[in-house]
Amino acid sequence: MSSYDLNCFVEEFTFLSQISHPHIVRGFGLREDAKAVYLVMEYLNGSTLAAQLEQVVFENGGLGFSEEQAREIFLK
C-alpha cells in the first residue's frame, strides 16, 4: 500500500470514527501488520446490504428494484 493510499485509509477511518448513527457501523481502530492495514469495526448480526438487494432483485424476477424498494432497504 502506498503512503497516499494509507493516508486516504486513515483519513476515511478518522471520519468514520466520528460518526454515531444507528444505520452506520462504528469504527473502533486501525491495526497494521507487515502485510496489510485493518479496520476494527463494530460487529452487526444480520444479512449484508448486498444480500438484501439481491433478494429484492430475485423477487422481482431479475428485473432490478425500484427506488422505493431501495429506500426501504436502506432505511431498515
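Put simply, Leu16 and Tyr38 are part of two different groups of oily side chains (I, L, V, M, F, W, Y) that touch within less than 4.5 Å, one to the next. One hydrophobic cluster, built from ILVMFWY side chains closer than 4.5 Å, holds both Ile73 and Val57. At a threshold of 4.5 Å between side-chain heavy atoms, the hydrophobic network of Ile, Leu, Val, Met, Phe, Trp and Tyr places Phe15 and Leu6 in one connected group.
Listed for the Asp33 side chain is a donor-acceptor partner under 3.5 Å among the backbone atoms of Lys35.
The shortest heavy-atom contact between Arg26 and Ile19 is CG-O, 4.5 Å. The minimum heavy-atom distance linking Gly27 with Phe13 is given by the pair C-CE1, 3.6 Å. Nearest heavy atom pair, residue Val25 against residue Met41, reads CG1-CE, 3.2 Å. The two residues Phe65 and Val56 come nearest to each other via the heavy atoms CB-CG1, 3.5 Å. When all heavy atoms of Leu30 and Phe9 are compared, the closest pair comes out as CD2-CE2, 3.6 Å.
Annotation for Glu42: atom CD counts as buried by contact number, over 12 foreign heavy atoms lying within 6.0 Å. Around CD of Glu12, the count of heavy atoms belonging to other residues, nucleotides or ligands within 6.0 Å does not exceed 12.
Here the options are Glu54, Gln55, Gln52, the test is side chain to side chain contact (heavy atoms under 4.5 Å, CB included), and the partner is Ser47; only Gln52 passes.
In this structure the side chain of Leu39 never reaches within 4.5 angstrom of the side chain of Arg31, judged on heavy atoms.
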